[in-house]
Amino acid sequence: MRLTKLFGKTLREVPAEAETVSHQLLLKSGMIHQVAAGVYSYLPLAWRVLRKIERIIREEMDAAGGQELSMPVLQPFEIWEESGRDLAFGKGLFTLLDRRERKLVLAPTHEELITDLARRNVQSYRDLPRMLYQIQTKFRDEPRPRGGLVRVREFTMKDLYSFDVDEVALDISYQRMLQAYKNVYARCGLDTVVVEADSGAIGGKDSHEFMVIAESGEDEIIYCNGCGWSANVEKATFAKTSLECEQLLSLEEVATPGAKTIEEVARFLGVPKERTLKAVFYSVDGELVFVTIRGDIEVNEVKLKNALKCSDLRLANDEEGQEAGLVAGSASAAGLSGIKVVADDSITLGQNFVVGANKADVHLKNANYPRDFKVDLMIDIAQAVAGYQCIKCGGDLLSTRGIEVGHVFKLGTAFSEKQGALYLDRDGNQKPLVMGCYGIGIGRLLAAAIEQNHDEKGIIWPVPIAPYHVYLCALGGEEGEIVSAAEALYAELKERKFEVLFDDRTESAGVKFNDADLLGMPARIVVSRRTLKSNSAEVKLRSEKDAELVKLGEVANRLAILLQ
RNA sequence: CGGGGUGUAGCGCAGCCUGGUUAGCGCGCAUGGUUUGGGACCAUGAGGUCGGCGGUUCAAAUCCGCCCACCCCGACCA
């Protein structure tokens with residue numbers, strides 16, 4: 001492709017709206033254009049990258065036993081009512097009415113439809129296992145699109161669904177997909193880490209996310225420097241410290257004027273934070289829930305939400321707390337009734353805690369579970385933080401951020417049971433299909449690739465997904481000798497099946513070099529009066545600092561080696 | 001939805017506070033000329049519903065009100 005013919009121009013300055021590196025570089029290089037919040041056009045250079053990523057994905061999915069199909073984006077609303085996910089997605093679901101006033105959905109994902117297909121086409125264990133996938137547009141009305149292509153409202157996703165006879169067989173499919181995903185990212189030139197992930201309200205046992213470590217990532221990852229275990233902070237567990245065992249003392253009221261927060265109460269009474277119990281009020285699907293956890297630990301709302309199996313969870317406001325008779329700043333489960341109480345198991349890792357007395361400016365000393373109060377649900381709802389200890393090996397936990405470029409998920413029978421996707425086993429018993437699902441966001445992967453492969457000058461494409469392999473640069477304007485040498489090289493490289501972007505513009509050297517660096521093709525070739533003196537061209541890798549002179553006749557061979 | 005911010009030419013911005021000719025600057029773009037190894041130079045030129053609607057005023061990019069869009073933080077987010 002000649003740069004004089006290419007659709008899309010590089011920018012001298014970066015549009016003001018971009019903050020993350022990938023967003024800035026995608027805009028500056030002229031690869032994308034924003035149409036609305038979280039909605040983009042992909043110009044030819046970006047489109048070539050996306051197609052290369054898709055191709056790699058197709059090859060790996062096919063190799064793992066996947067069969068490609070295509071399901072519609074436009075779907076009847078009823079199928080979403082059938083699974084109950086019209087509520088789960090809520091406002092995130094794009095809906096519309098057709099001319100007959102029929103309600104339709106622009107699908108955010110395709111579990112419902114694939115389950116529907118499966119129930120029509122799978123009757124017997126002989127029809128299993130199956131892996132089906134598509135590369136399809138999805139719509140999600142995200143509350144806040146962000147980071148360029150990292151979080152958008154219309155995007156392309158590869159989604160694969162596995163169908164098996166039981167959990168054991170699902171494990172095999174799941175492991176096969178994990179490996180296929182690793183292959184995909186490796187081939188795309190991406191370093192990813194696999195982390196344990198939250199499986200959401202739908203349930204299921206295992207879920208893993210593939211993360212590209214990046215400062216601009218949306219997700220926080222907790223990992224252990226000892227054993228290498230890692231998890232999304234939404235899911236991460238840690239070893240809660242146990243306080244020294246003490247004899248139980250009797251409850252004692254103590255005045256704590258003005259002390260409301262854990263810090264204030266602890267300081268006022270001269271006890272460490274871990275000797276107190278924190279009280280947090282939540283509004284859960286409209287009902288007030290009292291949550292308590294040891295004073296040195298924060299509540300993880302994702303864990304809480306999962307524990308309560310609710311769809312809407314938020315901190316209760318002051319009025320809601322008062323209506324329920326709670327005394328903010330001095331609340332505790334001791335003496336509380338008529339309100340659901342959820343506790344983190346950390347409240348059992350010590351004795352004689354300071355808790356609220358449910359009277360303003362008064363706290364209780366020496367509160368102990370279950371002697372002094374009851375809870376309705378005791379479960380891990382603690383937020384992991386860097387510096388805590390690993391639950392597996394006791395090593396130190398660390399924190400970093402990442403972009404989620406893939407998510408794999410054991411669905412189990414959640415969808416097949418609701419939608420009646422059943423098969424007959426060897427013994428003639430009717431059983432629900434055991435499902436898994438596996439997604440890769442293509443555009444987000446592109447963004448992550450740039451986050452991970454750039455320098456201050458621009459993009460540094462990994463060879464397998466680079467829009468072109470070579471940036472061929474003719475310096476020296478209209479000089480016949482240079483032009484004809486560059487043209488000859490262009491023709492030869494194309495003949496040798498290199499993908500070449502030929503900068504045939506009459507621009508100054510500086511402009512061309514800067515665009516070459518910005519656009520980031522793996523190799524740059526320069527033909528100029530200087531190089532032609534030795535009948536050579538200059539060959540430089542984008543990732544390397546230095547260039548080398550190569551005889552014109554050897555350039556193709558040299559490139560073949562360098563780009564391997 | 002809560003908080004903060006921005007809307008003036010394709011991109012980056014000034015002008016607004018303190019209303020007053022044909023609304024500026026840089027980049028980019030077009031034409032001609034001189035240049036050519038790290039974002040050259042000269043000349044000429046094209047390009048604007050000043051986000052929208054309404055109000056105040058003799059007069060609004062500028063003041064007031066409402067709305068919209070976009071960005072950032074949070075909430076939200078298989």
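Naming: A, B, ... by sequence-line order, numbering from 1 per chain. In what follows, every heavy atom counts, from backbone to side chain, and hydrogens, waters and symmetry copies are set aside.
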Got a salt bridge between [X] and [Y], using NZ or NE/NH1/NH2 to carboxylate O under 4.0 Å?
X: Arg401(A); Y: Glu218(A); value: no
X: Lys540(A); Y: Glu544(A); value: no
X: Arg2(A); Y: Asp503(A); value: no

Looking at [options], which one has an atom nearest to any side-chain atom of [X]?
X: Phe513(A); options: G37(B), A40(B), G74(B); value: G37(B)
X: Ala37(A); options: C77(B), C70(B), G37(B); value: C70(B)
X: Glu142(A); options: A75(B), C77(B), G37(B); value: C77(B)

Base-pairing assignment for [N] (Watson-Crick or G-U wobble, both under 3.5 Å):
N: A75(B); answer: none
N: G7(B); answer: C68(B)
N: C16(B); answer: none
N: C29(B); answer: G45(B)

Hey, does [X] reach any base, or is it just sugar-phosphate, or nothing, if we go heavy atoms under 4.0 Å?
X: Glu538(A); answer: base
X: Leu518(A); answer: nothing
X: Lys457(A); answer: base
X: Arg529(A); answer: nothing
X: Thr531(A); answer: base
X: Thr109(A); answer: base
X: Arg140(A); answer: nothing
X: Lys305(A); answer: sugar-phosphate
X: Gly147(A); answer: sugar-phosphate
X: Val526(A); answer: base
X: Ala16(A); answer: sugar-phosphate

Gap in Å between the two [atom1] atoms, one belonging to [N] and one to [M], rounded:
N: U49(B); M: A61(B); atom1: C1'; result: 12 Å
N: U21(B); M: C58(B); atom1: C1'; result: 15 Å
N: C41(B); M: C70(B); atom1: P; result: 38 Å
N: C11(B); M: C68(B); atom1: C1'; result: 23 Å
N: C71(B); M: G24(B); atom1: C1'; result: 26 Å
N: C50(B); M: G7(B); atom1: P; result: 15 Å
N: G4(B); M: G48(B); atom1: C1'; result: 30 Å

Just how far, in rounded Å, is C1' of C77(B) from CZ of Phe89(A)? 9 Å
What distance separates Gln419(A) CD from Leu113(A) CG, expressed to the nearest 0.5 Å? 8.5 Å
Side-chain donor or acceptor of Asp141(A) paired with backbone N/O of Leu93(A) under 3.5 Å: no
If the test is side-chain contact (heavy atoms from CB on, under 4.5 Å), which one of Glu220(A), Met211(A), His407(A) qualifies with Asn232(A)? Met211(A)
side-chain contact (heavy atoms from CB on, under 4.5 Å) partner of Asp517(A), chosen from Arg542(A), Glu456(A), Lys512(A):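 It is Arg542(A), the one option of Arg542(A), Glu456(A), Lys512(A) that forms the side-chain contact (heavy atoms from CB on, under 4.5 Å) with Asp517(A).
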Could you list all N or O pairs between the protein and nucleotides 29-32 of chain B that sit under 3.5 Å apart?
none

base_contact_polar ([N] base, [X] side chain, donor-acceptor, <3.5 Å):
X: Ser528(A); N: G37(B); result: yes
X: Arg524(A); N: G38(B); result: yes
X: Arg146(A); N: C72(B); result: no

Ring-face cation contact, Tyr174(A) with Lys410(A), 6.0 Å cut, 45° max: yes
Would you confirm whether the ring centroid of Tyr185(A) sits within less than 6.0 angstrom of the ring centroid of Phe210(A)?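 That pair passes the under 6.0 Å test.
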